[in-house]
Amino acid sequence: MRLAICPGSFDPVTYGHLDIIERASRAFDRVVVAVFTNPQKTPLFSVEERVEMLRQAIAHLPNVEVDASSGLLSDYALHRGAGVIVKGLRAISDFEAEFQMARMNKKLAPGVETLFMMTANEYSYLSSSLVKEVARFGGCVAQLVPEAVAARLKEKYPQPPSGGR
Ligand code: ADP
């Protein structure tokens, strides 16, 4: 069985992530979407909230599951018996950090390959941070994230009644 891991912080999950997850689910027998704690980022949503939003968003994909981990991705991949880590690439600017991480993971777990999928054109500008910025100032995120995620963003960033200052 070919098992792949789609790791990330998913704070929150966007249509860009879901595009990569769906494509991975067609290329592999089983996919584990793993929510990782990134010590360099202060998340808006708790790990539990992020896992819950992801579970709702991938409910239509029978061979995909969602899990969480706070350790090293390479250890997690070995522990799950995954041969492949799937990551999305949006722009050249993603490349350097991804290249470093892929090299490091290869060093730590030589049997695990990192594969990159090019983002879909329509999501190449999309990131969780940008979605949060738009939501924080009351912008519409309906085209960027699933409905349930948009609703949770509204709860996190309540907007003053329009017209009021
Ligand atoms: P972000 O960079 O938005 O905080 P994550 O750390 O959650 O994202 O990223 C998880 C994975 O999803 C990474 O491999 C990242 O490159 C990929 N990804 C994020 N947004 C997109 C997108 N719009 N298109 C393709 N891949 C994406």
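One-based numbering, in listed order, for ligands and for the atoms of each.
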Side-chain donor-acceptor pair under 3.5 Å between Glu22 and His60, yes or no?
yes
Thinking salt bridges, do Lys87 and Asp94 make one under a 4.0 Å N-O criterion?
no
With sequence neighbours excluded, what pairs up with Ser9 under the side-chain contact (heavy atoms from CB on, under 4.5 Å) test?
Lys41, Arg50
Contact residues of ligand 1, where a non-hydrogen atom lies under 4.0 Å away:
Pro7, Gly8, Ser9, Phe10, Gly16, His17, Ile20, Lys41, Lys87, Gly88, Arg90, Glu98, Thr119, Tyr123, Leu126, Ser127, Ser128
Could you work out, with side-chain hydrogen bond (donor to acceptor under 3.5 Å, both in side chains) as the rule, every residue matching Asp67, not counting sequence neighbours?
Tyr76, Arg80
Minimum heavy-atom distance Glu98-Gly88, with the two atoms named:
OE2-O, 4.4 Å
Who pairs with Asp19 by side-chain hydrogen bond (donor to acceptor under 3.5 Å, both in side chains), at least two apart in sequence or on another chain?
Arg23
